[in-house]
Amino acid sequence: MNETFLKACRGEKTEYTPVWLMRQAGRYLPEYHTVRSKYTFLELCKTPEAAAEVTIQPVDILGVDAAILFSDILVPLEKMGAPLEFHEKRGPVFLEPIRDRAGLEKLHVPDPEAELGYVMETIRILRRELAGRVPLIGFSGAPFTLATYLIEGGSSKNYFLTKKMMYTDPVLYAELLNKITDCTIEYLKAQAAAGAQALQIFDSWAGVLAPRDFAEFAIPYVKRIIAALKAAEVTVPIIYFANNGATLLSQSLESGADVLGLDWRLPLDEAVKVVGQRVSLQGNMDPIALLLPPAKMERLIQDILDQAKGARGHIFNLGHGIVPEIPPEQAKFFVEAVHRLSKKG
Ligand code: CP3
């Protein structure tokens with residue numbers, strides 16, 4: 001079994017720096033399009049054999065050190081009772097956005113095995129098919145990021161309706177976030193029970209909050225999730241990724257996560273000054289830098305490796321998800337170069 005990724009999460013010594021890419025299963029791979037052409041995106045998420053197949057594609061093609069379950073952070077919200085569609089151009093759309101108490105009351109906390117069984121089945125298939133080649137990462141969205149989609153009804157520019165609820169109806173906001181938190185705790189527990197070997201919590205839009213608002217409206221729910229998982233004796237490493245979160249790092253450190261994911265805006269040595277040896281770090285190359293010519297990409301990778309030297313452990317990654325325009329050979333070169341440049345002795 002390739003344990004390099006799990007060792008780095010735990011802060012144990014590794015022979016090289018493990019690497020995977022956020023959104024590594026997806027539209028930049030022609031092999032993904034071949035499978036995806038037979039289903040809508042949501043159908044693909046709900047078809048365990050096919051979801052498992054696209055999960056494994058980047059392991060075979062790129063040689064990454066971890067697989068991440070193919071699904072979406074919004075999938076459990078649909079089962080909470082919020083009808084969801086994915087549109088080719090607009091991205092995700094919630095047909096009945098949650099903006100008042102009546103909306104909140106329509107939502108329930110789903111039983112993950114009964115209502116999200118396809119996710120657990122995908123995990124079980126993957127553990128069998130990966131057969132120890134690399135560990136499998138499960139994931140969820142963080143409550144704040146999930147709430148923005150439910151409240152706005154989809155992606156957003158300025159998060160007006162989310163912030164409006166935060167500032168003008170904090171009681172309703174807290175009840176909504178608590179319901180999403182309860183759902184996420186059960187969902188992640190079930191993923192670990194089904195076989196996920198690490199869990200990542202994506203807080204993609206945390207960076208739109210002032211630190212004082214992050215303290216009040218976002219991080220308490222993340223803390224509650226991680227505390228509940230640890231109390232339930234979920235022992236797999238937990239990664240918390242707050243995108244655009246440089247100003248939120250000291251608060252993220254108190255989340256209880258074992259690993260903090262970082263975007264490219266903060267050099268890793270600066271992050272180490274804040275987090276010390278308490279957590280491992282994951283990141284943090286600009287995803288568009290995958291377009292750099294080989295010698296320049298190698299220099300950037302070496303720079304990031306050097307900046308990570310003082311960290312308790314380092315998992316190389318991008319600072320956010322890979323985008324569809326990246327040629328797969330560039331992604332392949334990136335993985336190979338991280339392995340080669342980080343090999344010890
Ligand atoms: O990382 C992986 O390879 C695993 C699969 C994965 C997907 N989405 C597949 C996906 C993961 C971990 C996610 C997480 C996710 N989904 C996040 C957090 C990470 C981040 O990027 O910040 C967010 C914010 C979403 C919500 C979402 N899903 C949006 C806004 C969109 C549309 C825009 C886009 O990137 O396409 C999606 C669709 C989506 N999720 C696709 C994939 C492969 C594209 C769907 C397609 O095939 O048409």
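Both ligands and their constituent atoms are indexed starting at 1 by order of listing.
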Practice problem: Decide side-chain contact (heavy atoms from CB on, under 4.5 Å) for Thr55 and Leu136; before the verdict, give the C-alpha distance in whole Å, the side-chain angles of both, and the deciding distance to 0.1 Å. | Solution: CA-CA 9 Å; Thr55 301; Leu136 175 66; 4.3 Å; yes
Quiz item: Taking all atoms of both residues into account, what is the closest heavy-atom pair of Val54 and Pro58, and its distance?
Solution: O-CD, 3.3 Å
Quiz prompt | Transitive ILVMFWY cluster of Val93, excluding itself - 4.5 Å side-chain cut-off | solution = Leu95
I'd like a table of donor-acceptor pairs (distance under 3.5 Å, sequence neighbours excluded) in which one partner is a side-chain atom from residues 67-79, with atom names and distances.
| residue | atom | partner | partner atom | Å |
| --- | --- | --- | --- | --- |
| Asp72 | OD2 | Leu74 | N | 3.1 |
| Glu78 | OE1 | Lys46 | NZ | 2.8 |
| Glu78 | OE2 | Lys46 | NZ | 3.3 |

What side-chain donor-acceptor pairs closer than 3.5 Å can you find for residues 283-296, not counting sequence neighbours?
| residue | atom | partner | partner atom | Å |
| --- | --- | --- | --- | --- |
| Asn284 | ND2 | Asp263 | O | 3.1 |
| Asn284 | ND2 | Leu266 | O | 2.8 |
| Asp286 | OD1 | Ile288 | N | 3.0 |

What are the atom names and distances for all N or O pairs under 3.5 Å between ligand 1 and the protein?
| residue | atom | partner | partner atom | Å |
| --- | --- | --- | --- | --- |
| ligand 1 | 1 (O) | Arg23 | N | 2.9 |
| ligand 1 | 3 (O) | Gln24 | N | 3.1 |
| ligand 1 | 3 (O) | Ala25 | N | 2.9 |
| ligand 1 | 3 (O) | Ala25 | O | 3.4 |
| ligand 1 | 8 (N) | Arg23 | NE | 3.4 |
| ligand 1 | 8 (N) | Asp72 | OD1 | 3.1 |
| ligand 1 | 16 (N) | Asp72 | OD1 | 3.0 |
| ligand 1 | 16 (N) | Asp72 | OD2 | 3.4 |
| ligand 1 | 21 (O) | Arg23 | NH1 | 2.9 |
| ligand 1 | 21 (O) | His320 | NE2 | 3.3 |
| ligand 1 | 22 (O) | Ser204 | OG | 2.5 |
| ligand 1 | 22 (O) | His320 | NE2 | 2.6 |
| ligand 1 | 28 (N) | Asp72 | OD1 | 2.7 |
| ligand 1 | 35 (O) | Arg23 | NH2 | 2.8 |
| ligand 1 | 35 (O) | Arg27 | NH2 | 3.2 |
| ligand 1 | 36 (O) | Arg27 | NH1 | 3.3 |
| ligand 1 | 36 (O) | Arg27 | NH2 | 2.5 |
| ligand 1 | 40 (N) | Arg23 | NH2 | 3.2 |
| ligand 1 | 40 (N) | Asp72 | OD1 | 2.8 |
| ligand 1 | 47 (O) | Tyr32 | OH | 2.5 |
| ligand 1 | 47 (O) | Arg36 | NE | 2.7 |
| ligand 1 | 48 (O) | Arg36 | NE | 3.4 |
| ligand 1 | 48 (O) | Arg36 | NH2 | 2.8 |

Quiz item: Is the closest side-chain donor-acceptor distance between Glu15 and Thr4 under 3.5 Å?
Solution: no
